[in-house]
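To start, the structure itself, in C-alpha cells.
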Protein chains: 2
Amino acid sequence: MLSKLLDPESVAVVGASPKQGSVGYVILENLVTRFGKKVFPINPKYDEVELWGRVIKFYRSISEVPDPVDVVVIATPAPTVPKVLEEAGIKGVKAAVIVSSGFSEAGNTELENWVKAVAKQYGVRVLGPNCIGVYNAYSGFDTVFLPAERAGRPPPGPLALISQSGAVAAAIMDWAARRRLGLGFLVNYGNKADITETELLEGFAADDRVKVITIYIEGFKYPGEARQFLETAKKIAAKKPVVAYKAGRGGAAQRAVKSHTAAMAGSYEMYHGLFQQAGVIEASSVREMFDMAKALAMQPTPRGRRTLVLTDSGGMGIQAVDALEALGLEVPEIPESVAKELKRELLPFAAVANPVDVTGSTTDEHYKIVLDALLPTPLFDMALVVTLMQVPGLTKNLADYLIDAKKYGKPIVVVNFGGSELVQRFEEVLEGNGIPVYPTPDRAAKALWALYKYGEIRKRL
Amino acid sequence: MLSKLLDPESVAVVGASPKQGSVGYVILENLVTRFGKKVFPINPKYDEVELWGRVIKFYRSISEVPDPVDVVVIATPAPTVPKVLEEAGIKGVKAAVIVSSGFSEAGNTELENWVKAVAKQYGVRVLGPNCIGVYNAYSGFDTVFLPAERAGRPPPGPLALISQSGAVAAAIMDWAARRRLGLGFLVNYGNKADITETELLEGFAADDRVKVITIYIEGFKYPGEARQFLETAKKIAAKKPVVAYKAGRGGAAQRAVKSHTAAMAGSYEMYHGLFQQAGVIEASSVREMFDMAKALAMQPTPRGRRTLVLTDSGGMGIQAVDALEALGLEVPEIPESVAKELKRELLPFAAVANPVDVTGSTTDEHYKIVLDALLPTPLFDMALVVTLMQVPGLTKNLADYLIDAKKYGKPIVVVNFGGSELVQRFEEVLEGNGIPVYPTPDRAAKALWALYKYGEIRKRL
C-alpha cells in the first residue's frame, strides 16, 4: 500500500482550485505541471478552466472520476474531511493525504477520531491530517502546498526524508534544492492519525531508489510506538543506513515538543538508547544528518578507523586531526620506511607524517602520488583530503585524481573551503562522481565517522 | 609602527615582476589596481613596462626610490632577503613584509637569524618570513600573492583576522568574499621572526574601524609568549571582543602542529585556560569563530541569559531551545497573564509559550506583535527569531519589523534556512542592517551565547 502512497499512478485532488495563492491551487499546479501521470481535480464549483496553458477538467466529486484513483489529496476545510474520505473509500481509493488542518492540533480531537473511524471502515490509509504530505522527485508527485519560489524542489537522488515537522521539511526541501542535493523522497505525516514513521520507514526500505533514510522526529505519540520503531528499524538498518535527528532534548525543549506535536518527547536518553539499539545513526542537527546521509549514499564503509589526512594546508590538516580524534577515529603515523620513499617524490618541504602536508606549493600530481602510495596499503582504512584551491598550483584536474582513487574501495571525503567559481565547479564534479565535499574539517570528519559507524552497525546486526 | 604596517601610505615591492603568474606579479597587480596610494616596484631587470593599461616604472633598488617608503614587501629568493632588508633599513623603511619562503620552515634557521639581526640593527620591524602578509580592505593594501580568482577579496567591515596559517587565512578570505562578510583586515605572520600575534592584537585594538578581533592560532613558539599574550589580551578584551580558535588539540593533532609551524602546541588545556583568563572567547572551529564575531560586531551584549524564541516552525523552535539549553542559556516560560493577553492578537492555533510559535499560517505582523509585546519587558534579555520563509504568509517586509525591534536595545539573531531568492534577499537586508542571520538554530544559539559571554567578560575585566 505505501508504495501506492509514495508513488501513485493516479491522483485526485479534492479542493483543487483555480484561485491563485490558495492551497488547492498550488497542489493542482504542482501536479498538472510536473506530475507525469493522471490528475483528477475535484471541485463542484468548476467545470472546465484554462490553466497553465491547457484546459483543466474539474469533477464534482470523486465518484464521478471515470478511472481508478490511487491517492486522494484532501485540501478542504476540516469539517468536510470525513465525508470526503468516505466517498474516497466508496470509490475504492487506498490512500489519502489530508493536508487540511483544524484537527487534534487545534483541539478538535473528536473530528480526528471520526476521520480515523472512516479510514478504518473503508480501508483507506491516511497520511496526516495537518501535513504537507509527500514529495516524490522521480515522478513529480507533490502535495506540498508551497509554491516553488518559496520552497524549491530538490532533484531526484538517493536520500529520503521522514519528517514530523512540516515547516522543517519544507525548509529542508528548499535548502536541498539550492544545493542540488538528491533528496528523492520527502514525507511529512502531521498529526499521524494513521500512518506512522515506522511504516514510512518500511516504505522507503522497500524502494531500491532510496539508499539512505533520514528521519526528523520530535517524539512518539502512542504507547508501543517506540518498540515497533525499534524492531522495524533494526531490520532495515542491517541493509540500508538510517540516520535520525531527535529534536527536543532539554526541559524547555520537551515542553515545546508537547505543545508542537502533542508528542511525548520522553527523556532524550530514551531516544538515544533506542537509536543505538536499533542501529540508527544519530545526528545532532538537521545539517549534520544530511552531511552524514550524503556520505553514506556515496561511499563504501571502511574496514576500520585508521584515517589518512592529506592536505595542502597544514592548518586545515591540524583541524581535521582535531575533529577526527574527538570522534574516536585514528590518525596513525606513517612508518619511517614508507615516509622516506614517499618523501622523494614530493616537494622538499612537504611533511610526510599524518597529515601528509603537500604544502601550498603543491600541484595536482602530488595528491595523486600520495593517494596511490598510501590508500592501497593496509595502513589506512579511509582518507580525509583537504583541497584548498586558493593555492596557485591546483587545477580542476585534481578532481580526476580523487575520483580515480575510488578504485581502492576505501572511503574518501573532501574538505574544500572558499567561494570562487573554481571551488564551486570542483565541488560539483566531485559530488557528481560520488565523492562528498564539506566546507569544514569537522563536518568531513563526522561524515567519515558515520561511514565507520555504519560499518560497525552492519557487522553487529 | 604597526599602524604603518597595516595601513601604509607608500609601499615598495622588491621582486615585483611583469611576468604573469609569478608572486611578484600578483602582488604588484593587487597594489597597482586596487591600492589607492603610492607603489614603487623594485626590479633591476625592468625599466618601464605597460601593465593593466598604464605605464609602470620599475626602480633598480630601494635606494633609488625618490619618496619615503612606509612598508617594503619582499618577494625575492630567500638568500637575497638580508641584503634587501639592509637596503630598506638604510632607506629608513620602518616595516617589511617578507613573503619569501625558505627560512626556518625549511630548516634554514641561520638565514632567518640573519634576517632578525639585520632587522634589529636598522630598526625595521618584520612580518614573516614565509607569510601571505597583510590584506587591508579599506585601502587595498594587499600582499596576498594569490590572484582574486583563487582567493576572493572581502569587502571592508568590522572584523579583523590574525592567522598563524597562510592557507587557512587565504581560504577564509575567499569564503568571506563570497558571503560579503566585512573582513576589513587580515594578517598572516608566517614564521614570526619578529612581529607576534600579541603585537598584531595591539595594532587592531588601536584601530577604531576594527570592532572584533579574530585569531587563528596553532601554538606559541617562544618562551614568555603566552604570558605576554595573556596580559595584552586581557586589556584589549575589556574594550573590544577577541575571539580565538586554537587548532591542534589531541595527540596526533599536536604532532601535526609541531611539523607545520614548529610551534609548541602545548596542552590544549593550557590554551583553554589562557583564553578563559584573558577574556578571549573561544571558538571550536573557524566557522564558529566568524559566526560569533559577526554577532559581536552587530549586536549589543545582553543583561542576562533569558532568551525569547519566536518561530513560525514548531520544529525549528524546539531545535533552538535544544541548542540554547545545551549552552546554558535560559528559555523561561511566559507568565500566564502575559500569554493570555498576547494570545488574543495571534492566530487561534499559535502557541504562546516559549518558544512563541506563530505557526506556518503567520503573517509578518504577528512577528511584530510578539516582539513589541515581549522584548521591551524585563522578562527577556535577548531573542532568537526563526523565520522560515517557506510558509506562505511571510514577505520581505518582515525584515523591517525585525530591524525596528533593535530599538529595544536587546540582542536579536535570526535563523533562516533554505535557498530561494526570497530567503537570500531577506538575509542581505537583515545583515545590512545589523541583524546577523544563521542557517541553523545551533549556530544562532552559539552567537547569542557569545554575546552573553562577552557581556560577562566585560563585567569581570
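So that the names make sense, note that chain A is the first sequence line, chain B the second, and so on, each numbered from 1.
- Taking Pro147(B), Gly102(B), Ala170(B) one by one and counting their heavy-atom pairs under 4.5 Å with chain A, the maximum is reached by Ala170(B).
- In plain terms, the two heavy atoms of Ser165(A) and Ser313(B) that are nearest each other are OG-OG, 4.0 Å.
- Taking a 6.0 Å sphere around CZ of Arg180(B), one finds it holds 12 or fewer heavy atoms contributed by other residues, nucleotides or ligands.
- Nearest heavy atom pair, residue Ala167(B) against residue Leu388(A), reads O-CD1, 3.5 Å.
- Rounding to the nearest 0.5 angstrom, the gap separating the NZ atom in Lys246(A) from the CG atom in Asp322(B) is 7.0 Å.
- In this structure, Gln390(A) and Met173(B) have side chains that are not in contact, with every pair of non-hydrogen atoms separated by 4.5 Å or more.
- Judged purely by atom type and a 3.5 angstrom limit, Arg150(B) uses its side chain to pair as donor or acceptor with the backbone of Pro392(A).
- In Arg178(B), the CZ atom is not crowded: 12 or fewer heavy atoms of neighbouring residues, nucleotides or ligands sit closer than 6.0 Å.
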If you apply the rule side chain to side chain contact (heavy atoms under 4.5 Å, CB included), what do you find for Asp174(B) with Met389(A), and how did you get there?
CA-CA 10 Å; Asp174(B) 191 28; Met389(A) 302 297 286; over 6 Å; no
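- Once rounded to the nearest 0.5 Å, the distance linking OG of Ser420(A) with CD of Glu149(B) reads 9.0 Å.
- At a 4.5 Å heavy-atom cutoff, Asn416(A) makes no contact with chain B through either its backbone or its side chain.
- With values rounded to the nearest 0.5 angstrom, Tyr216(A) atom OH is found 5.0 Å from Ile318(B) atom CD1.
- The most heavy-atom pairs under 4.5 Å with chain A, out of Val26(B), Leu394(B), Leu422(B), Thr359(B), come from Leu394(B).
- Heavy-atom neighbours of Lys396(A) NZ from other residues, nucleotides or ligands within 6.0 Å: at or below the threshold of 12.
- Contact of Tyr245(A) with chain B is made through the side chain alone, with heavy-atom distances under 4.5 Å.
- Only the side chain of Phe349(A) comes within less than 4.5 Å of a heavy atom in chain B; its backbone stays farther off.
- When heavy atoms are compared at a cutoff of 4.5 Å, Leu324(A) does not approach chain B at all.
- Neither the backbone nor the side chain of Glu288(A) comes within contact range of chain B, judged by heavy atoms closer than 4.5 Å.
- If you measure heavy-atom distances from Glu330(A) to chain B, you find no contacts under 4.5 Å at all.
- Ranking Ile172(A), Val423(A), Val23(A) against chain B, the residue ahead of the rest is Ile172(A), based on heavy-atom pairs under 4.5 Å.
- Within the 4.5 angstrom heavy-atom criterion, no atom of Ala177(A) approaches chain B.
- A 4.5 Å side-chain heavy-atom check between Val168(B) and Gln319(A) finds at least one atom pair inside the cut-off.
- In terms of heavy-atom pairs under 4.5 angstrom with chain B, the leader among Thr440(A), Asp442(A), Val391(A) is Val391(A).
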